Amino acid sequence: MRILIVEDDRTLGKAMSASMTHAGFAVDIAVTVTEALHLLAGENFDAIVLDLGLPDRDGYDIVRHLRQRNLSLPVLILTARDAVEDRVQGLDLGADDYVVKPIAMAELQARLRALIRRSFGTGSSLFSIGNLELDTVGKRAFVMGQALELSGREWAVLEYLASHTRRIVSKEQLIQAITGLGQELSENAIEAYVHRLRSKIEGSGTIIRTVRGLGYMLEKIDESPL
Ligand code: CA
């Protein structure tokens with residue numbers, strides 16, 4: 001899952017980025033509204049952590065920008081502004097969560113996971129497709145109750161595909177979901193992860209189907225007889 005942190009306090013931005021990368025998120029940082037809008041125009045993110053007091057414009061402009069375009073990307077406002085009017089304005093504009101600094105990193109990450117789950121339509125941190133089960137908090141996958149041995153990247157690819165079931169996911173989307181800017185990952189590498197995942201999830205009643213020219217789709221094997 002890829003997160004955009006919009007924060008002009010570089011020390012805080014770096015601390016959040018380090019802790020979230022450690023927790024398995026791909027993270028990019030923008031320090032101004034302009035920079036954030038530029039990144040949002042060109043890259044795919046799964047959620048935003050948004051400061052309000054930014055050097056060029058107000059962070060609210062980003063929420064407005066997204067909602068005016070009907071983009072449902074989850075936004076968590078993280079700010080020093082603790083007035084009720086600010087909270088009301090943020091939530092009314094379409095932010096999904098409003099948190100006043102300081103916040104423990106563990107709580108920030110838990111809130112982000114909850115927002116992302118909700119945006120994917122899965123309210124629980126545990127979900128299953130066929131006999132494949134994913135625990136998005138523990139970052140583990142199981143087939144018929146047996147834990148799979150997955151590398152961090154394999155987990156990230158599987159989690160992304162499983163969060164987008166019945167939708168086609170392109171290789172580019174997968175690359176964006178599991179890497180931050182400046183990190184290189186080739187389409188060949190994605191193919192290799194998918195190849196390995198396919199053999200690991202064998203017997204789970206789910207397959208990763210190749211949709212020629214478009215990407216991949218994780219789906220339940222049709223169980224209807226013949
Ligand atoms: Ca600030």
Side-chain angles (χ1 to χ4, degrees), residues 1-120 125 136-137 139 152 156 159-160 163 173 175-184:
M1 300 295 149
R2 188 171 178 196
I3 309 293
L4 175 62
I5 296 175
V6 190
E7 174 60 69
D8 61 324
D9 177 335
R10 286 170 197 270
T11 311
L12 176 59
K14 270 191 192 150
M16 281 198 281
S17 169
S19 138
M20 285 164 55
T21 304
H22 183 71
F25 293 100
V27 181
D28 291 294
I29 304 182
V31 295
T32 62
V33 170
T34 311
E35 202 184 328
L37 292 178
H38 180 74
L39 281 171
L40 287 167
E43 310 284 323
N44 284 319
F45 294 97
D46 298 295
I48 307 183
V49 177
L50 179 64
D51 183 24
L52 292 179
L54 293 160
D56 55 345
R57 284 152 67 185
D58 200 285
Y60 286 134
D61 287 355
I62 292 177
V63 187
R64 253 184 231 111
H65 170 92
L66 290 171
R67 299 311 179 232
Q68 277 166 2
R69 282 160 187 74
N70 260 327
L71 299 171
S72 58
L73 182 64
V75 177
L76 182 153
I77 292 179
L78 177 62
T79 177
R81 295 183 199 165
D82 60 354
V84 171
E85 307 84 80
D86 282 307
R87 293 173 187 259
V88 170
Q89 187 182 1
L91 295 169
D92 276 351
L93 275 176
D96 301 276
D97 201 353
Y98 190 107
V99 178
V100 175
K101 291 171 184 169
I103 183 178
M105 290 299 159
E107 183 184 346
L108 177 63
Q109 287 159 17
R111 283 178 180 270
L112 278 174
R113 283 193 296 266
L115 290 185
I116 293 170
R117 282 201 300 273
R118 229 181 289 153
S119 76
F120 290 143
S125 63
T136 57
V137 172
K139 298 195 179 303
E159 181 189 34
Y160 197 84
S163 317
Q173 266 175 289
I175 292 172
Q176 292 220 1
I178 70 176
T179 58
L181 275 186
Q183 280 180 289
E184 292 292 325

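Values in this document were obtained by computation on a predicted structure and should not be read as measured data. Read the numbers this way: they start at 1 and go in the same order the structure lists the ligands and their atoms.
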So, is Leu54 placed with an N/O/S atom under 3.0 Å from the Ca ion (ligand 1), counting both backbone and side chain?
no
Under 3.0 Å: N/O/S of Asp8 next to the Ca ion (ligand 1)
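Yes - counting backbone and side chain alike, Asp8 has an N, O or S atom under 3.0 Å.
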Determine, for Arg81 against Asp58, whether the closest basic-nitrogen to carboxylate-oxygen distance falls under 4.0 angstrom.
yes
Is the closest basic N to carboxylate O distance between Asp96 and Arg117 below 4.0 Å?
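Here Asp96 does not pair with Arg117 in a salt bridge, since their nearest N and O are not under 4.0 Å apart.
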Among the N, O or S atoms of Asp51, which one sits nearest to the Ca ion (ligand 1)?
OD2
Is there a side-chain contact between Met20 and Leu108 (heavy atoms, below 4.5 Å)?
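Contact flag for Met20/Leu108 side chains = yes.
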Check whether the side chains of Gln109 and Ser19 place a donor and an acceptor atom closer than 3.5 Å, and report yes or no.
yes
